[in-house]
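Order of listing sets the numbers, starting from 1, for every ligand and every atom in it. All of these numbers come straight from a predicted model, not from anything done at the bench.
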Amino acid sequence: MRARDNLKCTRKQPIRGLRAQRARASATSSFITSMRMPTVKFQHGDTVMGRWPGSSLYYEVKVLNFDSKSQLYTVIYKDGTELELKEQDIMNAVSFQGRLRSRSRSRSPGRRRSRSRSPARTTRRSSSRTSTVTTESATTRREPRIKEVLEVRLTPMKTIPTDNNNKPEHREETSAAANKVSQTPVSKSEVEPEKVQNRYNLRRRKDDSDVKPAEPKEAEVEEAPPVAPAPAPTTLDFGGKIGAYFWLLFLPAWVLYVLLQVNQADPSLTNPPALPALDSFWDAQAFGIVVLWMWFQAVLYILPVGKLSEGMPLRSGERLKYRTNGFFAVTVSAAAVAAGVHQGVDFTYIHSHFLQLAAAALLISLLLSLYLFVRSCSLSPEQLALGGNSGNILYDFFKGRELNPRIKSFDLKFFCEMRPGLIGWCVINLGMALTEMKLQRLQAPSPAMLLVNAFQLLYVVDGLWNEEAILTTMDLMHDGFGFMLAFGDLVWVPFTYSLQAYYLVVHPNALSPVAVALIVTVKLLGFYIFRKSNFEKNAFRRNPADPRLSHLKSIPTATGKSLLVSGWWGVVRHPNYLGDLIMALAWSLPCGFSHLLPWYYMIYFIILLVHRDSRDMSECRRKYGSAWDQYCRTVPYRIIPRVY
Ligand SMILES: NC(=O)C1=CN([C@@H]2O[C@H](COP(=O)(O)OP(=O)(O)OC[C@H]3O[C@@H](n4cnc5c(N)ncnc54)[C@H](OP(=O)(O)O)[C@@H]3O)[C@@H](O)[C@H]2O)C=CC1
Ligand SMILES: CC(C)=CCC[C@@H](C)[C@H]1CC=C2C3=C(CC[C@@]21C)[C@@]1(C)CC[C@H](O)C(C)(C)[C@@H]1CC3
């Protein structure tokens, strides 16, 4: 997000006169107090150059206050953003210009960075919406008004934005106000990650301020800001290193456990299944089928059919393109399966060779994870995901190092998340329905089996129809691609999400028409909330000026991005999780209450989403600072209104 977006956004802020005057009065009085201190270098009202926290960009700022206790200056940027800066991040405007001149003189032309920017790196500018208090980038276009570009290299540079976890902040966050002067990119050796929280108090105090933001200057200078590499995280997810070892062993073992349980007449925690012989897991034909399936999906993915969608901006500012032809892929796959059924292909094979198929998928996901890990070792830091480069081999292998592993334009993470596992899940469900008919001598699948099949098919087809929306999810934007996702996408999703259908094959559950009607209502309610909320967020992130969202309110953040505070995102902080959970309930209900096993998905999903929510909350707090706190005050509940 660029400077002017922030400026626009500020102008729309309500100005609260009395509160603001009081705040300013107190700021001035504490300044006066501090003026008695001989160490105060900058005075109240001085116009100086302030470094934008976590970046190497300097902006013209006005000094408002100095706090002798924290030794921090409160400065106000031209867009009205107030921040607290350390003295070393403030420079007198005159000496700053002098330094700039001497720097630019001393630099050879060969070292200057090219001004040409790829379309992906052009300035994005926002258009405003009437009922919101925010703006955000809407169209990508080259700004013609750049008059001059100044470069300066200041040493030492310790300005890579990091959070409490030592994760660098996103590039968008480095833009703020007019008059920005950028430095040359930070070289690896120059970077010494540091906790931004220790150095800056990233507070927006616009709500308390009567400061009118200034118009952007014509002579705004701009250059691609430095790319933030991925420093080693200090706080590790999933129980850290020990947790990673645990999950690496536990997840495959758990899949085996539930698959063995589901075949039992009376699946129960107190009734452990017998372990089959090790060699019974390997079946060359099953392996061949899984490989063939993946190859078939890969072919459908690379076909030049359907839209090329842009991902969210990376830390480098680049936006990757994705072929979002998921609906085409599921349609062709459905046609192929229908043709197979028609030709007499025995889909009950899926049920009879389920363990072998799952073992083959596990082997493929392991090989893929190894490949991903090895190739990630030769990457530059900016290609790594934040959090996947702790230095511990097993943790990084589990969590995933590379953010967007690609073979040419073939995006491995996107492909695995959306295609073979997801579509494979539906084929497995169909195989279970056909096996149920065969084993229970039915003319058609039972109502419970039909509901489970229809609900989950709807979920997958909807995901593929709205495939572009995956580009604004956590996995695609932030997570590296390693064992966790490779295993999750290729084994966990197809072989455990289909457990309800598998369960019904040998555990029939009769449903009354009323029960069917109730379950369908639950599913539709969940689906409505899930779809509407995901639509709102995805459309808003893609174009905040989208006329379909004109009734929604949002609050600005210092990064230039805004947060929705009305509509579904004003009900709870993760309405899409709420909808997803309600749908999960509808998937388990058809299986009845005789066993816990078909409720496994619901239980796992609650744990997964609560954990994801807390991961996302800390990530958003890091990104949006006080604006996030404001959002949390406005929308106090996380997933379930008035409960959680
Ligand atoms: N079936 C399954 O197994 C699973 C399904 N899912 C589903 O996938 C979908 C995606 O989930 P997930 O990626 O976890 O999370 P979200 O789609 O909820 O994405 C979270 C991001 O949304 C943005 N955001 C948060 N609050 C707001 C707001 N108020 N206004 C605008 N943007 C906001 C933030 O990103 P930023 O501000 O940076 O844009 C945040 O990081 C969900 O529907 C979930 O239910 C997820 C996991 C597993
Ligand atoms: C225990 C373990 C190995 C967890 C890995 C988590 C993954 C299984 C899930 C992480 C996010 C996912 C999403 C979907 C499937 C499950 C995983 C991969 C998703 C593709 C399902 C369909 C939805 O419509 C969706 C596109 C919103 C969704 C995105 C997230």
Does ligand 1 come near enough to Phe530 that some N or O of the ligand is less than 3.5 Å from an N or O of the residue?
no
For a quick check under 3.5 Å, do Asn325 and Arg419 share a side-chain donor-acceptor pair by atom type?
yes
Of all protein heavy atoms, the one nearest atom 27 (C) of ligand 2 is Phe530 CZ, 4.0 Å
Donor-acceptor check, side chain of Lys241 to backbone of Asn392, threshold 3.5 angstrom: yes or no?
no
Using heavy atoms and a 4.0 Å limit, tell me yes or no: is His574 in contact with ligand 1?
yes
Test item, Asp462 contacting ligand 2 (heavy atom, 4.0 angstrom):
no
Output yes when a side-chain donor or acceptor of Lys413 lies under 3.5 Å from a complementary backbone atom of Asp475, and no otherwise.
yes
Criterion side chain to side chain donor-acceptor pair (under 3.5 Å) against Glu619, the qualifying member of Arg615, Arg622, Arg621:
Arg622
Please list the nearest protein heavy atom to atom 4 (C) of ligand 2 with its residue and the distance rounded to 0.1 Å.
Leu608 CD1, 4.3 Å
Close approach of Asp475 to ligand 2, heavy atoms, under 4.0 angstrom
yes
A side-chain contact here means heavy atoms from C-beta on lying under 4.5 Å apart; do Phe238 and Met484 qualify?
yes
What are the atoms of ligand 1, with element, lying closer than 4.0 Å to any heavy atom of Tyr631?
29 (N)
What protein heavy atom sits nearest atom 30 (C) of ligand 2, and how far off is it?
Glu417 OE2, 3.5 Å
Which of the atoms of ligand 2 are close to Val493, meaning less than 4.0 Å from one of its heavy atoms?
8 (C), 16 (C)
Nearest non-hydrogen contact with atom 25 (C) of ligand 1 belongs to which option: Tyr497, Trp568, Trp569?
Trp569
Heavy-atom proximity to atom 27 (C) of ligand 1, picking from Val460, Val565, Leu563, points to Leu563
Is it the case that the side chain of Asn453 and the backbone of Met449 share a donor-acceptor pair, with hydrogens and angles ignored and the cut-off at 3.5 Å?
yes
Ligand-residue contact atoms, ligand 2 with Gly463, heavy atoms, under 4.0 Å
24 (O)
Do the side chains of Tyr601 and Leu499 get nearer than 4.5 Å, heavy atoms only?
no
Would you mind telling me if ligand 1 is within reach of the side chain of Glu619, the backbone, both or neither, using heavy atoms under 4.0 Å?
neither
Arg319 side-chain N/O to Gly311 backbone N/O, donor-acceptor pair under 3.5 Å
yes
Heavy-atom contact check, 4.0 Å cutoff: does Arg612 meet ligand 2?
yes
Nearest non-hydrogen atom to atom 16 (P) of ligand 1 belongs to which of Arg612, Met474, Lys537?
Lys537
Do Leu549 and Phe535 touch side chain to side chain, with heavy atoms closer than 4.5 Å?
yes
Find all atoms of ligand 1 within a distance of less than 4.0 Å from any non-hydrogen atom belonging to Asp616, and give their numbers and elements.
20 (C), 21 (C), 40 (C), 41 (O)
Apply side-chain hydrogen bond (donor to acceptor under 3.5 Å, both in side chains) to Tyr604 and list each qualifying residue two or more places apart in sequence or on a separate chain.
Trp492, Tyr497
Under 4.0 angstrom from ligand 1, any heavy atom of Arg573?
no
Keeping the roles fixed (side chain from Arg573, backbone from Val635), state whether a donor-acceptor pair exists under 3.5 Å.
yes
Nearest protein heavy atom to atom 23 (C) of ligand 2: under 4.0 Å?
yes
So, Asp580 versus Asn576: side-chain donor-acceptor pair below 3.5 Å or not?
no
Measure from atom 10 (C) of ligand 1 to every heavy atom in Leu422, Thr473, Val635 and give the option owning the shortest one.
Thr473
For ligand 1, is any non-hydrogen atom under 4.0 Å from Cys620's backbone (N, CA, C, O), its side chain (CB onward), both, or neither?
side chain
Contact atoms of ligand 1, heavy-atom distance to Asp580 under 4.0 Å:
5 (C), 6 (N), 7 (C), 44 (C), 45 (O)
Cation-pi geometry met for Arg406 and Phe481 (6.0 Å, 45°):
no
Taking atom 3 (C) of ligand 2 as the point of reference, which of Met484, Gln456, Glu467 owns the nearest heavy atom?
Met484
Taking atom types as modelled, is there a side-chain donor on Asp411 or Tyr301 under 3.5 Å from an acceptor on the other?
no
Using a strict cut-off of 4.0 Å, indicate which atoms of ligand 1 neighbour a heavy atom of Lys623.
35 (O), 36 (P), 37 (O), 38 (O), 41 (O)
Atoms of ligand 1 less than 4.0 Å from Phe605 heavy atoms?
1 (N), 2 (C), 3 (O), 4 (C), 5 (C), 48 (C)
Just by distance, do the side chain of Arg542 and the backbone of Ala469 share a donor-acceptor pair under 3.5 Å?
no
Numbering the atoms of ligand 2 from 1, which are under 4.0 Å from a heavy atom of Ile470?
26 (C), 29 (C)
Flag: protein heavy atom within less than 4.0 Å of atom 9 (C) of ligand 2:
no
Aromatic ring proximity Phe540/Trp569, centre distance under 6.0 Å:
no
Give yes or no for whether the N/O distance cutoff of 3.5 Å, strictly under, is met between Arg541 and ligand 1.
yes
Pairing of Arg612 and Asp479 as salt bridge, 4.0 angstrom limit
no
Out of all atoms in ligand 2, which are within 4.0 Å of some heavy atom of Asp489? Include the element for each.
18 (C)
Could you tell me which atoms of ligand 1, counted from 1 in the order shown, lie closer than 4.0 angstrom to a heavy atom of Tyr459?
1 (N), 2 (C), 5 (C)
For the backbone of Gly570 and the side chain of Ser566, can you confirm whether one donor and one acceptor N or O come within less than 3.5 Å of each other?
no
Please could you name the atoms of ligand 1 that Leu608 approaches to less than 4.0 Å, counting only its heavy atoms?
47 (C), 48 (C)
Considering residues at least two apart in sequence or located in another chain, which fulfil the salt bridge (Lys or Arg N to Asp or Glu O under 4.0 Å) criterion with Arg323?
none
Looking at ligand 1, is there an atom of it that comes within less than 4.0 Å of some heavy atom belonging to Tyr601?
yes
Here the atoms of ligand 1 under 4.0 Å from any heavy atom belonging to Tyr624 are 36 (P), 37 (O), 38 (O)
So is Trp247 close enough to ligand 2, meaning a heavy atom under 4.0 angstrom away?
no
Please report which non-hydrogen protein atom sits nearest to atom 1 (C) of ligand 2, along with the residue it belongs to and the distance in Å to one decimal place.
Trp492 CE2, 3.8 Å
